[in-house]
Amino acid sequence: MSEVPAKVAAMELPTALAGLDAHPWVTVNHAYGPAEDLPGLLRTFAEGGEDAAEALGDLYGSIAHQGTVYAASVDAAPYLARIAASGRQTVDALRLLGCLAESEDEYDVEPGAVRAAVTAQLPLLITLLADEDPAVRQAAGWTVGHTRDTCTALPAVRARLAAETDPAVRAELLTAYSRLDPAGAAAEARALLGPDTPAPLRLAAVFAVLDAGETWLAAHRDAVLGLLPAREAARSGHADEHREPLRAIVAILLGRDTDADRESALALLVAALRDERPEVRAEALWAADRACTLSRGAPQQLIPAIAPLAADWAAAQLLGKLGPAAAEAAPVLAELAAQPDDEGADQALAALVLVAPHAAAPLLARALGRRPRAMQCAAGSHAPAAPFPFDPGLFVAVRARLAVKALEGPEGCKDCGCSTTEDHNDTAGLVHLLRQWGPRAVGALPELCAVLPRFPYAATAITAVAAGSGPARRERAATALRAGAQKLSVARALHELTGETGPLFAAAEAELANGVRGGSEGARALATFGPAAARLAPVLRTVLGRTIDRDTTPEVDTDLALALAQAPSAVLGLLAVADPAGLDRVRLAEAVLHSAETRADLKGACDALRALGAGALTLEQHARLAALATGDHRLVVFGSDQAMIREDEQLRVALASVLDRVG
């Protein structure tokens, strides 16, 4: 065992700050412009007074702003290194330097310049690897590793790792070693996976073999299971990507996209989910959520282990995300949802709405107004694409609650008249349920017409429920819509119900006059009319910034297509208004596929590919479409956390349908 490191001679603070004021800071920029404030911030931070913490925060905000680095970051690096070497604010200075070296997001600076500036300070930083304070040695290891320097940093890290005795510092050094030389670190890590290795170091060893791409073995699985719950072991390290270790390990294995690694990741999760310790199950549920978001095959293997945990809030939420695939958990969720009015019952009912909506409908009817999460899942932003099942008891409850809304006073927010955000969300949910039920909810037409002045979004529900009804009800609906048709959404609903174009054109023209933001909605409303909307082309061109000498059919077609901003929408617009003989369908298919592969507009891509048809795709494009439809990786990785899994499942079905059609 080595001796405790000797105290490294500290640099004097005046030496550390020499030349600070004379430096031409005004010639370099940070996140907020010229960096003339950096001398004061660096000095205040270095002196360590009561304002030091605020100065450090300002330094992060200016030279490492949300992970972005700048030209001023280059100039600040030597001063931060000397401040660290002075023995003042050493750990904080090292951490900030590490953030600078770690960043790949560089703004208005030569690529790699910031990391190179930190690397140039290695002679000072390496001496801190032997500081008497373990916290300093650990921070120095983290920062030195981020330089990615194999000439100076790598030998220093390996030498320090051989001499170090503190488990947390050794773990940080092994992580730094892995950044500098993944294969060498993995070879070192193989001997550190056993139960006798301290937890932080064992966890670092697991990540080292993963980062080197080594085959996942039983020894790695046993090491992880022996570390659970692993969050505590991760807290001693500085690596942000290791803060949730089980979640990170599962994500790495799934990211390899092989059958063996997928099975290893899911088997590891099943074992953790069935652990007797609540804290282990909590960590496993968090990791299972990530697995189901990344992998289309994960739910099938994990649901049997998650379903028995449905009383747990995190488990219920995950089951709701999985929807009907988690049907075996419905009895447990129904029992929990029937409990007295409390947050747990609401969460269980919210999950049941998504897992088994027919079983949830009567429970929601009995507690309407007291189950906001469940209502949001049935009819709000978390609602699935399929309509929530019509239930007579729930219909009666919705009408009664909407009638109360109609009787409330007109005071409210300027835009929609609603009294509060909660009032708005509640009413929107009621309206959306009725919209989903369509003609079966025609009995609620009086309540919908009554709330329309305060809640214009009720217009689409009025159209939906009045469609197919008798003349008297249709006229009542039309009369209510005409009264509010100055709003574009109401005018569109009126056009859908009656075919009247005058109010829609007037409302769209008013929206176009509002500029680009209103122009987008106005143009979208007009796009379905094709050349019939030619009289509004000059206004459209103003919004789009185009200048045309005279109207021709091709120019009108172009304007209407440009009004649809993204590639899939533009393709659909072109197919609707342009001359088919003049379209390069293969090129359009390429634009749409690119939109899908980059996750820009997945749903629109399905619609556009379906519209383009079989002849549009080359064999290579067909193969790419097949990979999107059948691969294990989920495509929907952005958006509402509640909806991503459901939307990806819907997308997979849609892509399979497109693949079958163009096959």
Side-chain angles (χ1 to χ4, degrees), residues 167-168 171 175 189 192-210 216-237 239-254 261-295 298-322 326 328-329 331-333 335-336 339 342-345 347-348 351 355 641:
T175 301
L192 300 173
L193 296 169
D196 295 335
T197 302
L201 183 57
R202 198 177 352 152
L203 183 61
V206 170
F207 278 109
V209 297
L210 280 171
W216 185 258
L217 303 173
H220 305 139
R221 179 202 63 212
D222 293 343
V224 175
L225 292 176
L227 284 165
L228 296 178
R231 286 171 174 163
E232 190 62 38
R235 284 178 185 160
S236 62
D240 289 339
E241 64 269 28
H242 298 171
R243 293 295 183 196
E244 295 289 345
L246 183 58
R247 185 177 166 98
I249 290 165
V250 166
I252 292 171
L253 289 172
L254 290 175
D261 286 309
R262 192 175 304 115
E263 289 299 318
S264 296
L266 300 179
L268 178 65
L269 277 177
V270 169
L273 287 165
R274 291 176 172 160
D275 195 284
E276 295 181 354
R277 294 166 290 175
E279 61 272 23
V280 174
R281 295 198 299 270
E283 193 168 331
L285 282 168
W286 183 233
D289 189 298
R290 182 63 174 156
C292 291
T293 304
L294 293 174
S295 165
Q300 183 179 2
Q301 295 194 48
L302 297 180
I303 284 171
I306 298 170
L309 309 177
D312 184 282
W313 183 89
Q317 189 175 49
L318 177 52
L319 291 167
K321 291 179 185 179
L322 299 177
E328 67 182 86
V332 179
L333 291 169
E335 183 179 351
L336 294 168
Q339 297 301 312
D342 60 20
E343 189 171 344
Q347 180 61 52
V355 170
D641 185 51

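Worth knowing before you read on, the calculation uses all heavy atoms, side chains too, and leaves out hydrogens, waters and symmetry mates.
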Item to check | Close side-chain approach of Arg221 and Ser264, heavy atoms under 4.5 Å | outcome: no
Checklist entry - Is any side-chain heavy atom of Gln317 closer than 4.5 Å to a side-chain heavy atom of Leu285? => result no
Next on the checklist: Using a 3.5 Å distance criterion without hydrogens, assess whether the side chain of Glu283 forms a donor-acceptor pair with backbone atoms of Glu279.
Outcome noted: no
Next on the checklist: Could you report the tightest heavy-atom contact between Ile303 and Pro308, atom names first, then the distance?
Outcome noted: O-CD, 4.5 Å
Checklist outcome for this item: Taking every heavy atom of Val355 against every heavy atom of Leu319, the minimum-distance pair comes out as CG2-O, 3.3 Å
Item to check | Closest contact, heavy atoms only, His220 versus Leu193 | outcome: CD2-CD1, 3.4 Å
Item to check | Non-hydrogen side-chain atoms of Pro299 and Lys321 separated by less than 4.5 Å | outcome: no
Item to check | Matching residue for Leu269 among Ile306, Leu302, Leu253 - test: side chain to side chain contact (heavy atoms under 4.5 Å, CB included) | outcome: Leu302
Checklist entry - Taking only residues two or more places apart in sequence, or in another chain, which ones meet Pro167 in a side chain to side chain contact (heavy atoms under 4.5 Å, CB included)? => result Pro198
Checklist entry - Quick one: side chain to side chain contact (heavy atoms under 4.5 Å, CB included) partners of Leu294, sequence neighbours excluded? => result Ala251, Leu254, Arg290
Item to check | Value rounded to 0.5 Å, distance of SG in Cys292 from CG in Leu266 | outcome: 8.0 Å
Item to check | Which atom of Ala171 lies closest to which atom of Ala204, heavy atoms considered | outcome: O-CB, 3.6 Å
Item to check | Steps toward side-chain contact (heavy atoms from CB on, under 4.5 Å) verdict (Trp216, Ile252) | outcome: CA-CA 11 Å; Trp216 185 258; Ile252 292 171; over 6 Å; no
Next on the checklist: What's the separation between atom CG in Leu318 and atom CG in Asp289, rounded to the nearest 0.5 Å?
Outcome noted: 5.0 Å
Checklist entry - Is the closest basic N to carboxylate O distance between Asp312 and Arg281 below 4.0 Å? => result no
Checklist entry - Atom CG in Leu227, atom CG in Leu246: separation rounded to 0.5 Å? => result 10.5 Å
Checklist entry - With Asp240, which residues qualify under salt bridge (Lys or Arg N to Asp or Glu O under 4.0 Å), at least two apart? => result Arg243
Item to check | side chain to side chain contact (heavy atoms under 4.5 Å, CB included) against Ala248, all qualifying residues, sequence neighbours excluded | outcome: Phe207
Item to check | Minimal non-hydrogen separation, Ala208 against Ala189, with atom names | outcome: CB-CB, 3.9 Å
Next on the checklist: Take a 6.0 Å sphere around CD of Glu343 and say whether it holds more than 12 heavy atoms from other residues, nucleotides or ligands.
Outcome noted: no
Checklist outcome for this item: Rounded to the nearest 0.5 angstrom, the CH2-CG distance for Trp313 and Leu336 is 14.5 Å
Checklist entry - Rounded to the nearest 0.5 Å, how far does OG of Ser295 lie from CD of Gln300? => result 10.0 Å
Item to check | Heavy-atom closest pair, residues Ala288 and Leu273 | outcome: CB-CD1, 4.4 Å
Next on the checklist: Give me each pair satisfying salt bridge (charged side-chain N to carboxylate O under 4.0 Å, His left out) with a member in residues 244-254, each pair once, sequence neighbours excluded.
Outcome noted: Arg231-Glu244
Checklist outcome for this item: CG (Leu225) and CG (Asp275) are apart, to the nearest 0.5 Å, by 8.5 Å
Next on the checklist: Could you work out, with side-chain hydrogen bond (donor to acceptor under 3.5 Å, both in side chains) as the rule, every residue matching Glu263, not counting sequence neighbours?
Outcome noted: Gln301
